[in-house]
Each structure stands twice: as structure tokens, then as C-alpha cells.
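Computation of the quantities below employed the complete heavy-atom set of this structure, encompassing side-chain atoms and omitting hydrogens, waters and symmetry-equivalent molecules. We count residues from 1, following the sequence as given.
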Amino acid sequence: MANVVCMSRFLAVPLLLVLIAVGVAAPTVRADGLAPPIRSAALDAAVDAAVEGLAWVPFDMHLHTDHSSDGGVFHQEFDTPESHDTFLDEQRDQALRTGMAAVAFTDHRNFAQHYDPDFDLDRSTFAIGDRVLLTGEEWGGGRHGTAFAIQTRIDHGSTDRVGCGLAEMTLEVAAQDGLLGMAHPKDGGADGCMAELVDFPLSHVEALRGGDSALQDAGFPGGGNGSNEAYYQALAEAGGRVAAVNGSDNHFKQVWAGPSGPGGSAAYVLTTGVSEEALVDGIRAGRTLAGQGITGIRVATLLDADGVDGFEAVTGGWAAPIGDTVTLALAVENGIGHTVRVVDDTGVVVAEVVPDGVADTVAFELSSSSAFYRVTAMTVGASRVGLPDPLDYVDTFVMNSTPVWLTAPTSAARTPALADGTPLVSLTDADWGGFADLARHGDVVHLV
């Protein structure tokens with residue numbers, strides 16, 4: 001299947017055999033305090049068997065057309081019919097030419113692009129069976145959210161409601177069986193929203209962003225991918241279990257050649273095939289990473305929490321440890337020229353490796369006391385070369401993975417109200433949310 005990196009089904013392969021094959025018990029820390037990488041042929045075989053049949057599917061989750069009022073340089077400047085220059089079919093085809101297997105159009109508060117006759121794939125150019133176009137919309141004013149697999153336009157509404165508006169929107173999108181996440185949190189998504197977003201089924205956060213890949217200012221809001229990464233870490237620390245994603249957020253065909261061109265930045269979804277259902281299920285499960293285009297680094301994380309019966313969790317999943325340590329395995333692809341870091345639930349880097357070769361498999365013995373571990377990747381060096389942004393690429397974040405968790409998700413029912421008092425209900429660990437309904441049967445009143 002085109003543009004899909006094949007991986008696997010999970011099998012019970014005892015990691016005890018892996019550690020025996022290494023020859024000695026792995027030390028717990030290096031001289032620099034980090035966990036040392038474990039490599040062996042047995043580990044390679046165990047990980048290969050555990051991920052056989054799964055695939056990383058490249059997906060540009062944030063793309064605009066001239067159906068957005070700011071889509072196109074001249075359209076944005078003049079807003080006249082003849083000034084339109086960033087058309088749906090051009091954006092679609094460019095993303096597919098760069099290797100994307102899936103594209104979502106997310107025009108600002110606009111669903112009109114999905115009635116555009118060019119929304120369908122050109123069958124003479126692209127095979128319909130291995131490419132997916134998803135319906136989408138970018139919601140919001142001061143804070144933005146990207147919605148996918150929706151059936152109708154979602155209302156913009158107020159952003160000063162519960163969870164900055166995003167929390168309530170998750171329920172309206174869930175009623176369409178779609179997904180809603182936060183777009184570019186560095187642009188103000190962090191101010192006062194986080195506590196509410198933890199309690200609602202927000203599906204994803206742009207933990208990287210295409211045009212920000214060279215901007216590393218610390219803190220948020222403001223700055224670049226350093227800020228997006230910091231927000232994602234803080235949300236995870238607060239208990240938010242959302243998928244890490246990326247998208248080009250391209251508005252202008254004039255910048256196709258840059259990192260913010262269609263397909264230049266992508267979410268990768270670890271799934272069993274290329275279909276809308278498989279992609280949506282993978283995002284809901286958090287089997288994702290926020291990365292670059294088709295040549296970007298990819299890392300699958302696998303967790304063995306009991307040391308007995310193999311890998312119990314993959315990226316986005318969870319497994320409860322029974323001892324003082326767990327084994328975290330990384331299956332790295334396109335890793336040459338990168339530093340891969342394992343980060344714990346306090347933001348501390350606990351392990352680090354420079355991948356060996358195009359494909360590399362390493363494992364680390366880590367403490368079981370962390371609530372989660374997640375993986376980031378930077379270009380090798382992790383230090384400035386002194387050039388002004390956006391030219392100073394040496395310490396650029398280029399990949400941010402959804403964590404694997406060492407604790408079960410919690411269930412917290414919420415009943416916020418819309419501005420008109422209509423109650424809404426959600427469960428954080430269920431793919432469900434919506435409006436409460438009343439029905440009467442005889443003398444019995446049912447609240448659903």
C-alpha cells in the first residue's frame with residue numbers, strides 16, 4: 001500500500017528473553033543519570049513481531065483553501081473573486097504529491113469546501129483506494145480547534161464559555177461522531193483553558209506546527225514549537241489524554257516549498273489501513289505522533305509493564321506496572337541525524353539516544369513511578385548555531401509522540417451548560433457526549 005510504513009499486531013513475547021539475550025542485567029542509569037539504551041537481536045525480533053501488520057499513515061490534518069477568507073495571499077489582501085489563487089484541487093493534489101495518504105480540509109468556520117466539485121479525488125491521477133479526504137472545519141476566534149469527520153458545519157459560538165468554548169464544542173462534534181482538538185496552542189490556547197479541557201473528550205492537540213518548526217522560544221503562549229511542546233507536556237501532566245498531531249496549516253500556495261507547505265508537516269497515525277474509519281479510530285486511541293513530512297522521523301513506543309508477557313501497550317495506550325521498573329521499547333524509523341528523548345510526567349528527560357541507522361530498535365529500563373512516558377525528537381546537536389530564526393534549525397523539535405500511560409484513565413462525568421442553559425454531559429473515558437434528552441412513557445420520565 002502506497003506511503004504506508006508497515007508495522008504489526010501485538011503478540012505476547014516475553015521480554016525476559018530479550019534481557020537474557022543481552023547477556024547481563026541492564027544498568028539502571030548512565031554516568032549522566034539517563035537510562036542506557038538496550039539493543040539486541042532478540043529485542044529487534046520481539047518488537048518486529050509486536051508491531052507486524054500495523055502502519056504509520058501520513059496525514060496532513062490542517063489545510064486551507066480559498067474557501068477560507070484568508071486562504072491565498074491575494075485573496076487575503078483584496079478579497080475579490082479574481083484574487084482567489086489557492087484552490088481546493090491544487091491544495092489537495094500538492095499534499096498527495098508530497099506523499100500524504102490522507103488530507104483534511106479545515107477552512108475557517110466554513111464547510112462549503114465539501115460541496116466543492118473538486119473535493120473528490122481525481123481518479124485518473126490518484127488511486128482512490130489508498131488516499132482519504134476527510135471533512136473538516138477550523139473552529140474558533142481567539143482559540144482555534146480543528147474538527148474532522150463531521151457531517152455539518154459547527155457553529156462558531158462564544159469562546160468565553162466552559163473550557164474556553166472548546167470543551168462544549170467537543171460534545172457538539174461528538175454528536176456527529178467526529179473529532180475536535182486544539183490547533184496551534186502557542187497562539188493562546190493555554191490561557192485558562194487547561195483544567196476544563198482535561199475533563200472533556202478533546203481528541204487531539206497540535207503538539208507541533210508546520211510553520212513553527214524553527215521557532216524554539218521557551219514558554220507559552222508565544223514562541224514556536226518549544227511552546228507547542230511545552231503546552232502538550234503541561235496538558236499531559238494535568239491528566240489530559242489527547243493525541244499529539246500536526247498539520248501544515250497551509251493558507252498560501254506561494255509557500256508550498258517551505259515546511260508549512262501541504263504535506264510538509266504531518267500527523268502519523270498507527271493503524272491497520274488507509275480509511276477514514278481506521279484514521280479516526282487511531283486518533284481516538286492516541287496512536288499518533290506529530291511529525292514532519294514523508295521523510296520525517298517516526299517512533300513507535302511499546303510498554304511492557306510486568307516483565308512477563310510482552311508488550312501490553314503501544315503509543316497512546318496504557319498498562320499498569322506491577323514492579324519498580326517497566327521496559328519501554330522504541331521502534332525508530334528515519335532516525336539518522338536526530339536525537340530521540342524519553343520524557344517523564346514531570347518533563348524530565350530520562351533517556352536519550354541517537355538512532356543507529358535508518359531503522360533502529362532500542363529499549364530502556366525505567367521507573368514505574370511516572371504516570372506516563374512520551375518521546376520527542378530533535379535534530380542532532382540540540383544547540384544553537386547563532387543564526388536568527390527561522391534559519392536556526394539545529395535544535396528544532398521535529399517529532400512529538402502521544403504518551404504511553406502507566407495509569408488507567410479516570411472517569412469524570414461533567415454537566416456544563418450552554419449559554420442558554422441547555423445541559424451537556426460527557427465522560428472523559430468514553431467516545432460519547434451530547435445533550436440530555438427527556439422522554440415520557442406513561443407516568444415514567446426517562447432522562448437519557
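Considering only residues two or more places apart in sequence or on other chains, A267 meets the side chain to side chain contact (heavy atoms under 4.5 Å, CB included) condition with M61, V245. T106 meets the side chain to side chain donor-acceptor pair (under 3.5 Å) test with no other residue; sequence neighbours excluded. With sequence neighbours left out, the ring-ring contact (aromatic ring centres under 6.0 Å, His included) criterion links F148 to H204. With sequence neighbours excluded, the residues that form a side chain to side chain contact (heavy atoms under 4.5 Å, CB included) with T346 are D344, V348. In terms of the side chain to side chain donor-acceptor pair (under 3.5 Å) criterion, residue partners of D116 (sequence neighbours excluded) are, by chain and number, H67. Residues satisfying the side chain to side chain contact (heavy atoms under 4.5 Å, CB included) test with E90, not counting sequence neighbours, are F87, K253, W256.
Here H251 and H108 bring their ring centres to under 6.0 angstrom of each other.
No donor-acceptor pair under 3.5 Å is formed between the side chain of S265 and the backbone N or O of N246. Between the side chain of T135 and the main chain of Q151, no donor-acceptor pair closer than 3.5 Å is present. Here the side chain of D60 pairs no donor or acceptor atom with the backbone of G247 at under 3.5 angstrom.
A salt bridge is absent between R39 and D44: the closest approach of a Lys/Arg side-chain nitrogen to an acidic carboxylate oxygen does not fall below 4.0 angstrom. In summary, R153 and D107 do not engage in a salt bridge, as defined by a charged side-chain N under 4.0 Å from a carboxylate O.
The line from CG of L289 to OG1 of T402 is 7.5 Å long, rounded to the nearest 0.5 Å. Distance check, rounded to the nearest 0.5 Å: CD of E333 to OG1 of T295 gives 13.0 Å.
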Under the side chain to side chain contact (heavy atoms under 4.5 Å, CB included) rule, what do Y373 and W405 come out as? Steps first, then yes or no, please.
CA-CA 7 Å; Y373 289 106; W405 297 81; over 6 Å; no

Quick one, R341 with V375, criterion side chain to side chain contact (heavy atoms under 4.5 Å, CB included). Give me CA distance, side-chain angles, the key distance, then yes/no.
CA-CA 6 Å; R341 292 172 171 170; V375 178; over 6 Å; no

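Under the 4.5 Å side-chain criterion, counting only non-hydrogen atoms from C-beta, V132 is not in contact with F59.
Ring geometry, H62 versus H64: the interplanar angle falls from 30° to 60°, so the pair is classed tilted.
The closest side-chain donor-acceptor pair between H144 and E138 falls under 3.5 angstrom.
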